[in-house]
Amino acid sequence: MKRTALVTGASQGLGLAIARLLAQHDFNLVLNARREAPLLEVARELARFTRVTAIAGDISDIAEDVAARAGHVDVLINNASELGPLPMPRLAEYPWDALLRVFRVNAVAPLHLTQLLLPTLKVVINISSDAGVNAYPGWGGYGASKAALEHLSRTLAEENEGLRVVVVDPGDMNTEMHRNATPGADFTSMPTPDLVAPAIVEIVEAAFDGAPRFARVEAQQMMVAS
């Protein structure tokens with residue numbers, strides 16, 4: 001029986017690169033992204049290789065619908081993220097309603113989707129950031145939400161013996177989100193998502209082969225090691 005993976009934020013960047021590789025690894029796919037048109041384009045592309053279900057919408061609003069339509073899911077990849085206001089404000093000036101949205105998308109929605117899919121889940125991959133463990137001016141709201149996601153991940157692994165939970169820090173990448181966060185920076189030396197995605201798919205496969213219940217992995221360190 002083919003395994004099924006659900007990937008959020010799958011219409012561009014790292015989510016898209018992961019989805020493409022999972023299709024090549026013989027996974028059925030359930031794909032979610034906020035914008036319908038690019039998501040449907042991705043679904044048409046990958047439907048040549050595997051079964052694809054595309055569900056457009058903000059995952060923090062439609063998690064129940066996504067879970068109901070997905071059915072049996074073996075792997076959940078919580079990749080969708082909310083960067084927050086731009087330019088990125090310091091915490092002293094951070095609008096509280098914007099901060100609530102960042103936490104809702106980056107921490108609460110991944111937990112809720114995990115809750116809904118838990119009966120069949122084997123592996124959860126939560127995409128985090130070094131901003132979740134280090135303090136950078138302007139990154140406090142985003143970083144705090146990722147720190148919350150990491151703690152939720154550790155606790156989920158402790159509470160669910162049959163579940164493998166991996167927090168993945170993909171490192172700095174040349175993505176639209178990073179360009180929005182730091183306009184004017186030089187991104188030419190940063191890897192593109194398609195270079196990082198193989199390490200994450202390797203993590204998925206390893207989690208099926210008896211990996212520890214919880215792990216935190218830096219994907220680009222895996223790239224260097226290989």
Side-chain angles (χ1 to χ4, degrees), residues 1-33 38-39 41-54 59 70 73-81 106 110 113-114 121-133 146 149-150 153 157 163-179 181 187-226:
M1 180 178 177
K2 287 182 68 171
R3 296 168 294 181
T4 297
L6 193 164
V7 184
T8 66
S11 66
Q12 63 180 2
L14 184 61
L16 172 56
I18 292 170
R20 283 172 169 158
L21 277 182
L22 289 173
Q24 296 174 20
H25 282 241
D26 205 31
F27 278 83
N28 292 323
L29 297 174
V30 181
L31 305 180
N32 163 260
L39 180 65
E41 183 177 343
V42 171
R44 286 190 292 270
E45 172 195 338
L46 299 185
R48 295 177 295 166
F49 308 104
T50 191
R51 189 182 74 217
V52 181
T53 301
I59 194 61
V73 173
D74 302 283
V75 180
L76 170 60
I77 300 180
N78 285 307
N79 169 71
S81 287
N106 294 355
L113 199 52
T114 303
L121 276 181
K122 305 294 190 303
V123 178
V124 177
I125 306 292
N126 286 329
I127 304 299
S128 187
S129 167
D130 70 328
V133 294
K146 291 298 185 178
L149 178 64
E150 296 208 11
S153 301
L163 190 65
R164 298 294 180 266
V165 183
V166 185
V167 168
V168 177
D169 174 4
D172 291 338
M173 294 181 293
N174 187 349
T175 63
E176 180 181 352
M177 176 178 281
H178 205 162
R179 291 192 295 272
F187 293 92
T188 56
S189 62
M190 294 183 187
T192 55
D194 60 296
L195 295 177
V196 179
I200 296 174
V201 174
E202 183 179 337
I203 292 166
V204 171
E205 295 289 7
F208 277 97
D209 295 332
R213 284 161 61 177
F214 174 82
R216 189 185 194 280
V217 180
E218 297 183 11
Q220 292 189 27
Q221 285 190 352
M222 290 183 61
M223 293 165 55
V224 172
S226 61

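One is the number of the first residue; the rest follow in order along the sequence. On a predicted model such as this, the values are computed, not experimentally measured, just so you know.
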Please round to the nearest 0.5 Å and tell me the distance separating atom [atom1] of [X] and atom [atom2] of [Y].
X      : Y      : atom1 : atom2 : result
Asn106 : Asn78  : CG    : CG    : 10.5 Å
Thr8   : Leu113 : OG1   : CG    : 7.5 Å
Ile200 : Ile127 : CD1   : CD1   : 4.0 Å
Asp130 : Asp169 : CG    : CG    : 5.0 Å

For the residue pair [X] and [Y], what are the closest heavy atoms and their distance?
X      : Y      : answer
Ile59  : Ala80  : CG2-CB, 4.4 Å
Ala219 : Pro170 : CB-CA, 4.0 Å
Lys146 : Ser81  : NZ-OG, 2.8 Å
Pro110 : Leu149 : CB-CD1, 3.8 Å
Ile203 : Ile125 : CG2-CD1, 3.9 Å
Ala19  : Leu31  : CB-CD2, 3.9 Å

State which residues pass side chain to side chain donor-acceptor pair (under 3.5 Å) with [X]; sequence neighbours excluded, sorted by chain then number.
X      : result
Ser129 : none
Ser189 : none
Asn174 : Arg179

Quick one: list whatever passes side-chain contact (heavy atoms from CB on, under 4.5 Å) with [X], sequence neighbours left out.
X      : value
Glu41  : Arg44
Glu150 : Ser128, Val133, Val167, Arg216
Gln24  : Leu21
Ala70  : Leu6, Val30, Val73

- request: For His178, check ring-ring contact (aromatic ring centres under 6.0 Å, His included) against everything at least two apart and list the hits.
  value: Phe187
query: Side-chain contact, heavy-atom cut-off 4.5 Å: Gln12 with Pro38?
result: no
message: Is any side-chain heavy atom of Pro193 closer than 4.5 Å to one of Thr175?
response: yes
Once salt bridge (Lys or Arg N to Asp or Glu O under 4.0 Å) is applied, do any residues pair with [X], and if so which ones, sequence neighbours excluded?
X      : result
Arg213 : none
Glu205 : Arg3
Asp209 : none

message: Can you pull out every salt bridge (charged side-chain N to carboxylate O under 4.0 Å, His left out) where at least one residue sits in residues 6-26? Sequence neighbours excluded, please.
response: Lys2-Asp26, Arg20-Glu45
task: Using the side-chain contact (heavy atoms from CB on, under 4.5 Å) rule, pick out the option among Asn28, Val75, Leu29, Leu22 that qualifies with Thr4.
output: Asn28
Does the [X] side chain pair with the main chain of [Y], one donor and one acceptor, at a distance under 3.5 Å?
X      : Y      : result
Thr50  : Phe27  : yes
Gln220 : Asp172 : yes
Asp74  : Leu121 : no

field: Step-by-step side chain to side chain contact (heavy atoms under 4.5 Å, CB included) determination, Val204 to Ile18
entry: CA-CA 10 Å; Val204 171; Ile18 292 170; over 6 Å; no
